[in-house]
Amino acid sequence: RWGGRDLLLAGQIGLAVVLLVSAGLFVRSIRALQHVDRGFTAERVVTFSYLVPRGSALADDPAGLAEGLLQGLGRLPDVEAAAMACSPPLGGHCTITGVAGAGARRWPEGSRPRIGLNQVSDGFFDLLRVPLLRGRGFGPDDRADAPPVVILSRSAAERLFPDDDALGRRVWLEGAGPPGSDDAGAEVIGVVDDVLYDTPRQGSMPEAYVSFRQDPSAATVMLRTRREPLAVVPAARAIVRELAPDVPVFGVRTLDEMARQALGDTRTLGLLLTVLAGLALAIACAGVTAVVAFSVARRTSELGLRMALGADRGALVRLVVGRGLWTALLGVAAGAGAAAVGTRLLEGALFGVPPTDPAAYAWAAVLLLAVAAVAAWLPARRATRIDPVRALRAD
């Protein structure tokens, strides 16, 4: 007969199901976030920022300072490549601006497309191994006194020039002069693949790139190294001190570290739920073992009588294990129903997986039933060692 202990155990198993399903959903979300195409290669890349004080003599020529730093850093033996940007990937957009015009298209103020804007050095795309889809990258000829040029990301080119090739066309960014004025806009010289600047959950945004020579706002250095990225930081600091003694260096991070931090709350909540699910699973295992062992102790005489009458030991094990499994099945069914309702509250924190994902429910159910079967088998195995004579005499 079912008793209060069985119902409590079923409730305990149901709670474990809810936690296991939630943990499974977050594990799948983290995997989906990790497989989001970032558009660049993060291995062995370290970044750091610098700030030129207002009173510094170097503030009058930020592009010259950047050129000198890149040349000095590029000569370090452990540095494979050096580049500069206003903002590195996964570091957020340097600027989000509106597009006043693209080719023959014009947008009135208030309805202009919004795209990211980044100021980068010549080797930016090569260092990050961002594919150049068409055209060319920035070069030494793209000076401040040269005609303005711009490189668009793939999604920006598709959005601004949906029916035509963007190469050779012109775009007008907000603040660069109104369309139709004497300002000729910036010529599109290249199209590169999309790069992830926000979190993987937010995805890639259309991006425009200008040369740091024509817009010297770049203040973040990126170094691709031949060995451990952080090992080159002391030498890089020495180069900065040599060229610019009054310029502080801060924000040293690797792109791998930034990629892990970009997972943010999803990873933290997933880890917490995994720990809680593991505890719930252990408690459920102990509960099944205790309830089945208690049932075996109370049914000692019955089991002894069955064995005296010739019951097969395997059948006896199945009888005892079956009791534990029926309790587990009831808990799994109740827990699955509760999880179907409760996990909807987590929908906003999930990525790439629905709250009713069948795989998460299936693995939680199979895992709990397997644990319950093992937990019930241990006291069932002891039940087969009962001496029938002693069991009958003790009745």
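Predicted model only: the values in this text are computed from it and were never measured.
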Going by ring pair (Phe, Tyr, Trp, His ring centres under 6.0 Å), name the residues that satisfy it together with Y197, two or more places apart in sequence or in a different chain.
H93
Sequence neighbours left out, what passes ring pair (Phe, Tyr, Trp, His ring centres under 6.0 Å) with F125? Give chain and number order.
Y209
Side-chain donor/acceptor of Q71 to backbone N/O of G68, under 3.5 Å
no
For the side chain of Q214 and the backbone of V149, is there at least one donor-acceptor N/O pair under 3.5 Å apart?
yes
Distance-only criterion, 3.5 Å: show the donor-acceptor pairs between side-chain atoms of residues 351-367 and protein atoms not counting sequence neighbours.
unit_1	atom_1	unit_2	atom_2	d
D357	OD2	R28	NE	2.8
D357	OD2	A360	N	3.3
Y361	OH	A339	O	3.3
Y361	OH	A340	N	3.2
Y361	OH	T343	OG1	3.4
Y361	OH	P355	O	3.4
W363	NE1	A360	O	3.3

Any non-hydrogen side-chain atom of [X] less than 4.5 Å from a side-chain atom of [Y]?
{"X": "V171", "Y": "L160", "result": "yes"}
{"X": "F138", "Y": "S121", "result": "no"}
{"X": "M84", "Y": "M222", "result": "no"}
{"X": "Y50", "Y": "L69", "result": "yes"}
{"X": "L223", "Y": "V45", "result": "no"}
{"X": "L73", "Y": "L76", "result": "yes"}
{"X": "L152", "Y": "V150", "result": "yes"}
{"X": "R38", "Y": "P89", "result": "no"}

So if you build clusters from Ile, Leu, Val, Met, Phe, Trp, Tyr with side-chain heavy-atom gaps below 4.5 Å, do [X] and [Y] land together?
{"X": "L132", "Y": "L196", "result": "yes"}
{"X": "L271", "Y": "L20", "result": "no"}
{"X": "V247", "Y": "I239", "result": "yes"}
{"X": "L19", "Y": "L369", "result": "yes"}
{"X": "I30", "Y": "V36", "result": "yes"}

Quick note, salt bridge (charged side-chain N to carboxylate O under 4.0 Å, His left out) partners involving residues 363-378, not counting sequence neighbours, are none
Filter on salt bridge (charged side-chain N to carboxylate O under 4.0 Å, His left out), then keep only pairs touching residues 215-234, sequence neighbours left out; what's left?
D78-R227
Which atom of [X] lies closest to which atom of [Y], heavy atoms considered:
{"X": "T220", "Y": "S49", "result": "OG1-OG, 3.1 Å"}
{"X": "A208", "Y": "I115", "result": "CB-CD1, 3.7 Å"}
{"X": "F48", "Y": "A236", "result": "CE2-CB, 4.0 Å"}
{"X": "P88", "Y": "T47", "result": "CB-CG2, 4.3 Å"}
{"X": "A10", "Y": "L330", "result": "CB-CD2, 3.9 Å"}
{"X": "N118", "Y": "C94", "result": "OD1-CB, 4.1 Å"}

Interatomic spacing from [atom1] in [X] to [atom2] in [Y] - rounded to 0.5 Å:
{"X": "L127", "Y": "D122", "atom1": "CG", "atom2": "CG", "answer": "12.5 Å"}
{"X": "R105", "Y": "R169", "atom1": "CZ", "atom2": "CZ", "answer": "10.0 Å"}
{"X": "S211", "Y": "I151", "atom1": "OG", "atom2": "CD1", "answer": "8.5 Å"}
{"X": "R201", "Y": "S29", "atom1": "CZ", "atom2": "OG", "answer": "7.0 Å"}
{"X": "Q119", "Y": "T95", "atom1": "CD", "atom2": "OG1", "answer": "5.5 Å"}

Pair S155, D194: side-chain N/O donor-acceptor within cut-off below 3.5 Å:
yes
Enumerate, atom names and distances included, each donor-acceptor pair closer than 3.5 Å involving a side-chain atom of residues 140-147, sequence neighbours excluded.
unit_1	atom_1	unit_2	atom_2	d
D142	OD1	R136	NH2	3.2
D142	OD2	R136	NH1	3.2
D142	OD2	G139	N	2.9
R143	NE	D145	OD1	3.1

In plain terms, say whether R129 and E43 are close enough for a salt bridge, that is, a side-chain N and a carboxylate O under 4.0 Å apart.
no
For [X], which residues count as a side chain to side chain donor-acceptor pair (under 3.5 Å) partner, sequence neighbours excluded?
{"X": "D246", "value": "S56"}
{"X": "D193", "value": "R154"}
{"X": "E67", "value": "R213"}

Check against salt bridge (charged side-chain N to carboxylate O under 4.0 Å, His left out), R114 and E174
CA-CA 10 Å; R114 308 293 291 177; E174 284 184 351; 3.5 Å; yes
Worked check of side-chain contact (heavy atoms from CB on, under 4.5 Å) between V192 and L133:
CA-CA 5 Å; V192 296; L133 304 180; 5.7 Å; no
Other hydrophobic cluster members with I96, side-chain heavy atoms of Ile/Leu/Val/Met/Phe/Trp/Tyr under 4.5 Å, chained?
M205
Is the NZ or CZ atom of R106 positioned over W172's six-membered ring, under 6.0 angstrom from the centre and within 45° of the axis?
yes
Side chains of residues 251-263: which donor-acceptor pairs under 3.5 Å do they make with residues two or more places apart or in other chains?
unit_1	atom_1	unit_2	atom_2	d
T254	OG1	E257	N	3.0
E257	OE2	Q261	NE2	3.3

Given V249, T225, V46, the one that forms side chain to side chain contact (heavy atoms under 4.5 Å, CB included) with V233
V46
side-chain contact (heavy atoms from CB on, under 4.5 Å), that's the test. Do V210 and L117 meet it? Break it down for me.
CA-CA 8 Å; V210 297; L117 179 64; 4.0 Å; yes
Please collect all ring pair (Phe, Tyr, Trp, His ring centres under 6.0 Å) contacts where either partner lies in residues 248-271, sequence neighbours excluded, each pair once.
none
